[in-house]
**Q** 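Mind having a look at this structure? Questions to follow.
To find a chain, count down the sequence lines: A is the first, B the second, and so on, and within it residues start at 1. Nothing here was measured: the structure is a model prediction, and the numbers come from that model.
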Amino acid sequence: MIEMPELPEVETIVRGLRDVLCGKTIAGVEIREEMIIGYPEDPEEFREGLLERKITAMGRRGKYLILELNSNLQLIIHLRMTGKLLLKMREEEIESHTHVILRFKEGVDLRFNNVRKFGRMYLIDRDSPEKAGGFAGLGPEPLSSEFSPEVFRKILKRSGRAIKALLLDQKKIAGLGNIYADEALYRASIHPARPADELSREEMDKLYQSIDQVLKAGIKFSGTSFSDYVNALGEAGSFQERLMVYGRDGEKCPRCSCQINKDRIASRSTHYCPECQELP
DNA sequence: CGAGGTACCTGACAGC
DNA sequence: TGCTGTCAGGTACCTC
């Protein structure tokens, strides 16, 4: 199981759940913590809306999971900081911090588990994405063809904000979080506090490539797990072993051997090498 | 529009 | 041991 998911972790979760859940019908919904339900406002409406619905497909957009249901409905899930989706047999003991349980006719449970209760579930009509939090306002999907180097440069040129803040802004680019933003900036040798519109064209293109590479590598290694969890398929993510700067403050930079810094930039803890990622 | 702060909530960990 | 303060991978909302 994976905690605190960014794009690669959510993608890993979707891949692990898709084959198991597609075609299954929701026979019961247990809401143990109402604040998790983001839409409809009435949790009972959420519960009744899900009953007898079949999951027809699963996908992802940014850090949101999408469960396609019949009757033109979508169940949109955002795990925020500590959310997990656990696939369990109905008779298995319910873990603490389990807030919503979808029970399938086939005897399987999908359990939404979330220590900090920041995560949300939205049941919406497919044509009303604006009801699912920031879902409708997401920027381009970084691993899709719509996200070209040209599109990326335009986004950066329109803003004088710190590049790190821009990378974390889901309205600009969907799916990057604090880990992968730091890792992408390190790979591109760009200081996180640099104003976005002051990067050279070469730096912008290098950062574009770094984002692509770090996200694909994250997916390849099934995401980053900081605890000894496994995903729905029983696989543990291992990308934490390949992080270059995140969580490695005080250690030596793999490139130049000077000490990795941890500072507060764009109101977030930010890891970088002061030597390779110099301010001009 | 953006920056910066607060809020949401709980647990882990460091320091005393 | 236990108290206190700080921190955590995310986002929404507020004010300036």
**Q** Verify the contact: side-chain N or O of A:Arg161 to OP1 or OP2 of B:dA3, cut-off strictly under 4.0 Å; return yes or no.
**A**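 So the side-chain polar atoms of A:Arg161 do come within 4.0 Å of the phosphate oxygens OP1 or OP2 of B:dA3, strictly under.
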**Q** Taking only side-chain N and O atoms of A:His78, does any of them lie within less than 4.0 angstrom of OP1 or OP2 on C:dG10?
**A**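 A:His78 to C:dG10 OP1/OP2: no side-chain N or O under 4.0 Å.
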**Q** Under 4.0 angstrom, heavy atoms only, what part of the nucleic acid is A:Arg158 near: base, sugar-phosphate, or nothing?
**A**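 Nothing, no heavy atom under 4.0 Å.
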**Q** May I ask you to evaluate whether A:Gln170 reaches the phosphate of C:dT11, defined as a side-chain N or O under 4.0 Å from OP1 or OP2?
**A**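 Yes, A:Gln170 has a side-chain N/O under 4.0 Å of OP1/OP2 on C:dT11.
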**Q** Would you say the rings of A:Tyr246 and A:Tyr180 are close, in the sense that their centroids are separated by under 6.0 Å?
**A**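 A:Tyr180 vs A:Tyr246: aromatic centres not under 6.0 Å.
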**Q** What do you reckon, do A:Phe118 and the base of B:dC8 stack, with centroid distance below 5.5 Å and planes below 30°?
**A**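 Yes, the aromatic ring of A:Phe118 stacks with the base.
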**Q** In whole Å, measure the gap between the P atoms of C:dG5 and B:dT6 for me.
**A**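 After rounding to an integer number of Å, I get 16 Å for this pair.
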**Q** Could you check whether A:Tyr246 and the base of C:dG9 form a stacked pair, meaning centres closer than 5.5 Å and planes differing by less than 30°?
**A**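 Stacking is absent between C:dG9 and A:Tyr246, given that the ring centres and planes do not meet under 5.5 Å and under 30°.
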**Q** For B:dC8 versus C:dC3, give the span between their C1' atoms, rounded off to a whole number of Å.
**A**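 One C1' to the other, the span is 24 Å.
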**Q** So what does A:Gly133 touch, heavy atoms closer than 4.0 Å: a base, only the sugar-phosphate, or nothing?
**A**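 A:Gly133: backbone/sugar contact only, no base atoms under 4.0 Å.
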**Q** In whole angstrom, give me the gap between the P atoms of B:dG5 and C:dT6.
**A**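 Roughly 15 Å separates the two P atoms.
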**Q** Which residue, A:His271 or A:Tyr64, contacts DNA chain C at a nucleotide closer to its 5' end, judged by nearest heavy atom?
**A**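 Comparing both residues, the 5'-ward one is A:His271.
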**Q** Taking the six-membered ring of A:Tyr186, is NZ or CZ of A:Arg255 closer than 6.0 Å to its centre and within 45° of its axis?
**A**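 Judged by the rule, A:Arg255 and A:Tyr186 form a cation-pi pair.
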**Q** Taking only side-chain nitrogens and oxygens of A:His97, does any of them come within less than 4.0 Å of OP1 or OP2 of B:dC9?
**A**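 The answer is no; no side-chain N or O of A:His97 sits under 4.0 Å from OP1 or OP2.
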**Q** Across all strands, who's sitting opposite B:dG4 as a Watson-Crick or G-U wobble pair, both distances under 3.5 Å?
**A**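 B:dG4 is paired, partner C:dC14.
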**Q** Just the rounded figure in Å: distance from P of B:dG2 to CD1 of A:Ile155.
**A**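 About 12 Å, once rounded to whole Å.
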**Q** Please say which of A:Glu95, A:Glu30, A:Glu33 ends up in a salt bridge (Lys or Arg N to Asp or Glu O under 4.0 Å) with A:Arg111.
**A**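 Answer to the salt bridge (Lys or Arg N to Asp or Glu O under 4.0 Å) test with A:Arg111 among A:Glu95, A:Glu30, A:Glu33: A:Glu95.
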**Q** Hey, does the side chain of A:Arg268 come within less than 4.0 Å of C:dG9's phosphate (OP1/OP2), counting only N and O?
**A**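 Result: yes.
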**Q** Using whole Å, report how far CZ of A:Arg242 lies from C1' of C:dG9.
**A**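 It is 20 Å, rounded to the nearest whole Å.
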**Q** Can a side chain N or O of A:Lys262 be found less than 4.0 Å away from OP1 or OP2 on C:dC7?
**A**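 False: A:Lys262 side-chain N/O out of range (4.0 Å or more) of C:dC7 OP1/OP2.
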**Q** Using whole Å, what does the distance between atom P of nucleotide B:dC1 and atom CG of A:Asp197 come to?
**A**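 That distance rounds to 16 Å.
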**Q** How many Å lie between OH on A:Tyr180 and P on C:dG9, as a whole number?
**A**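 Going from OH in A:Tyr180 over to P in C:dG9 covers 14 Å.
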**Q** Would you say C:dG10 has OP1 or OP2 under 4.0 Å from some side-chain N or O of A:Lys171?
**A**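 A:Lys171 to C:dG10 OP1/OP2: no side-chain N or O under 4.0 Å.
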**Q** Does A:Leu176 reach the side chain of A:Pro142, with side-chain heavy atoms less than 4.5 Å apart?
**A**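 A side-chain contact under 4.5 Å is absent here.
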**Q** Within the pair A:Ser269 and C:dG9, is there a side-chain N or O less than 4.0 Å away from OP1 or OP2?
**A**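 Indeed, a polar side-chain atom of A:Ser269 lies that close.
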**Q** Just the rounded figure in Å: distance from P of B:dA12 to CZ of A:Arg116.
**A**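 Atom CZ in A:Arg116 sits about 12 Å away from atom P in B:dA12.
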**Q** Quick check: does any side chain N or O of A:Glu203 sit under 3.5 Å from a backbone N or O of A:Ala188, one acting as donor and the other as acceptor?
**A**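 The answer is no, because no donor-acceptor pair under 3.5 Å joins these two groups.
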